[in-house]
Amino acid sequence: MSTEGHCPPEAHYAIVPRRVSFDWERTPLHWIPGEPTATHVINVLHLLLPAGERWFVKVFKEGLPLVDDPELLRDVKGFMGQEATHSVQHAHVLDHLAAQHLDTRPYTRYVDFLFEKLLGEQPPLGAPVPTQEWLRFRLAVIAAIEQFTAVLGDWVLRAGALDETGADEVMLDLLRWHGAEEVEHRAVAFDMYQHCGGAGLPRYARRVCGMAVTAPVMLYLWVWGAAYLIRHDPRLAGRLRYSLREHNRAVRRGLLPTWREIGAAVPRYLRRSYHPSQEGSLRRAVEYLATSPAARAAAGAVGRAAIA
């Protein structure tokens, strides 16, 4: 186990879960008014994250006995608490979509299969992969996924066009609370991998492999998910299909991140000297969390409980 590449001291930040909740009763199906494509491209988050973030927590639990750095251990436990809460809150959005007659189960069963079977505790199909190596590979995949979530988290905190177009305030708060926490813990998965992933060239090669697997799979799942949601949207009734033309129109309006913003995250990550503390703005994340209605309500509930 190596601590080489661990987060620089100035980048450390106390990572704590916030027990937020959201009221979806008044959130419309197309929560970005007049923009079903942008709405459903972002809605893919809700398809992927309940199972994905549960899986993060399971894999990190497997790796906890390997962590002998007290500071990293605190960060990892905070990360696990935040990710567990993210999973629950995005699952509630799936319930909300179902209540509006958009059934996501035919899609999410494949996501469940990916994380529970293909990337489960044992290698799939009895592949002869040593236990330590299988854990290291999955930690590398999580670190790669977290590279993208940090980029997306920082983007949604800056996406003023969503406010200007009248996007639903509750959904925006969910996305920005989650995005801010992704920026908060942007380095934890990377540090966990660096700590548990061996040393030298093999560790770097495994990190490259993790991104080489993650980037195309995430792109495929995202396009498939957006196409599924648009095709099964009861309000659209089959009148619209996912298209790059509509996607790019939403990008130009500032309602989705640019392809360059997302794509540029890959070569940055592949630099030998890279560390995720370079991603996004921690100050912007902390400032949002100080004003987030859900985060403030959660903090107030904690305070009242402490007084009682």
Side-chain angles (χ1 to χ4, degrees), residues 1-15 52-53 56 59-60 62-64 66-80 82-83 119 132-158 178-219 257-286:
M1 296 178 298
S2 169
T3 57
E4 177 188 346
H6 191 18
C7 187
E10 67 270 20
H12 274 293
Y13 178 82
I15 298 165
E53 294 188 305
F56 290 2
V59 176
F60 271 41
E62 293 178 45
L64 278 180
L66 304 177
V67 180
D68 55 13
D69 178 336
E71 191 169 56
L72 176 59
L73 185 61
R74 286 193 296 271
D75 286 348
V76 167
K77 289 181 177 179
F79 172 93
M80 293 168 66
Q82 288 189 342
E83 296 290 35
L119 291 170
Q132 183 183 57
E133 192 61 27
W134 182 237
L135 174 60
R136 286 173 171 177
F137 169 72
R138 288 177 296 147
L139 289 173
V141 169
I142 294 172
I145 294 172
E146 285 290 297
Q147 170 73 353
F148 291 113
T149 58
V151 170
L152 293 173
D154 191 64
W155 171 79
V156 78
L157 291 170
R158 294 182 283 106
H178 186 169
E181 291 198 343
E182 291 298 329
V183 174
E184 274 191 314
H185 68 228
R186 59 196 167 180
V188 176
F190 184 93
D191 290 342
M192 179 70 164
Y193 171 72
Q194 292 290 93
H195 187 79
C196 301
L201 184 59
R203 181 176 66 178
Y204 173 69
R206 201 180 296 108
R207 171 154 69 93
V208 171
C209 179
M211 179 58 80
V213 170
T214 297
V217 170
M218 282 190 65
L219 177 61
T258 68
W259 295 106
R260 175 175 289 186
E261 283 178 285
I262 299 171
V266 176
R268 284 199 305 274
Y269 183 82
L270 297 180
R271 292 200 301 263
R272 289 289 294 269
S273 60
Y274 177 77
H275 191 269
S277 57
Q278 304 164 22
E279 293 294 342
S281 168
L282 181 58
R283 176 178 296 178
R284 179 161 45 236
V286 171

**Report entry** Nearest-0.5 Å distance, CZ of residue R186 to CG of residue L282
**Finding:** 5.0 Å
Requested in this report: Only counting residues at least two apart or in another chain, list the ones meeting side-chain hydrogen bond (donor to acceptor under 3.5 Å, both in side chains) with R207.
Outcome: none
Query raised in the report: In terms of side-chain geometry, is the basic nitrogen of R138 or E133 positioned less than 4.0 Å from the acidic oxygen of its partner?
Result: no
Query raised in the report: Rounded to the nearest 0.5 Å, what separation is found between the CG atom of L64 and the CG atom of L72?
Result: 9.5 Å
Query raised in the report: Taking atom CG of L73 and atom NE2 of H195, what is their separation to the nearest 0.5 Å?
Result: 9.0 Å
Query raised in the report: Looking only at heavy atoms, which two atoms of Y269 and A140 are closest? And how far apart?
Result: OH-O, 4.1 Å
Requested in this report: Mind listing the closest non-hydrogen atom pair of C196 and G63 along with its distance?
Outcome: SG-O, 4.4 Å
Query - From CG (D69) to CG (D75), nearest 0.5 Å - result: 8.5 Å
Report task. Please name all residues satisfying side chain to side chain contact (heavy atoms under 4.5 Å, CB included) with R272, sequence neighbours left out, ordered by chain then number. Result -> L201, Y204
Query - Flag side-chain contact, heavy atom, 4.5 Å: L270 against M211 - result: yes
Query raised in the report: Does F137 reach the side chain of V213, with side-chain heavy atoms less than 4.5 Å apart?
Result: yes
Query - Residues that E279 engages under salt bridge (Lys or Arg N to Asp or Glu O under 4.0 Å), provided they are two or more places apart - result: R268
Report task. Decide yes or no for F56 and I145: does some side-chain heavy atom of the first lie under 4.5 Å from some side-chain heavy atom of the second? Result -> yes
Query raised in the report: Going by atom types only, do H185 and E182 share a side-chain donor-acceptor pair under 3.5 Å?
Result: yes
Query raised in the report: Between T214 and Q147, is any pair of side-chain heavy atoms under 4.5 Å apart?
Result: no
Requested in this report: Can you sort out the partners of S281 under side-chain hydrogen bond (donor to acceptor under 3.5 Å, both in side chains), two or more places apart, ordered by chain and number?
Outcome: none
Requested in this report: Evaluate the side-chain proximity of F79 to R74: yes if any heavy-atom separation is below 4.5 Å, no if none is.
Outcome: no
Query raised in the report: With distance as the sole criterion, is a donor-acceptor pair present between the side chains of Y193 and R206 under 3.5 Å?
Result: yes
Query raised in the report: Taking all atoms of both residues into account, what is the closest heavy-atom pair of P276 and A187, and its distance?
Result: CB-CA, 3.9 Å
Query - Student check: side-chain heavy atoms of W134 and L119 closer than 4.5 Å - result: yes
Report task. For H178 and Q82, test the side chains for any donor-to-acceptor distance below 3.5 angstrom and give the result as yes or no. Result -> no
Query raised in the report: Rounded to the nearest 0.5 Å, how far does CD1 of I262 lie from CG of L219?
Result: 9.0 Å
Query raised in the report: For V156, what residues pass the side chain to side chain contact (heavy atoms under 4.5 Å, CB included) criterion, not counting sequence neighbours?
Result: L162, L175, R176
Requested in this report: Give a yes or no on whether the backbone of A285 and the side-chain of E184 come within a donor-acceptor separation of less than 3.5 Å.
Outcome: no
Query - Side-chain heavy atoms of E146 within contact of E83, under 4.5 Å - result: yes
Report summary line: Scanning both residues in full, the closest heavy-atom pair of I142 with A189 reads CG2-CB, 3.9 Å
Query raised in the report: Does some side-chain heavy atom of R284 sit less than 4.5 Å from a side-chain heavy atom of V183?
Result: no
Query raised in the report: Out of curiosity, L157 CG to L152 CG, how far, rounded to the nearest 0.5 Å?
Result: 11.0 Å
Query raised in the report: Which residues pass the salt bridge (Lys or Arg N to Asp or Glu O under 4.0 Å) test with E181, sequence neighbours left out?
Result: R18
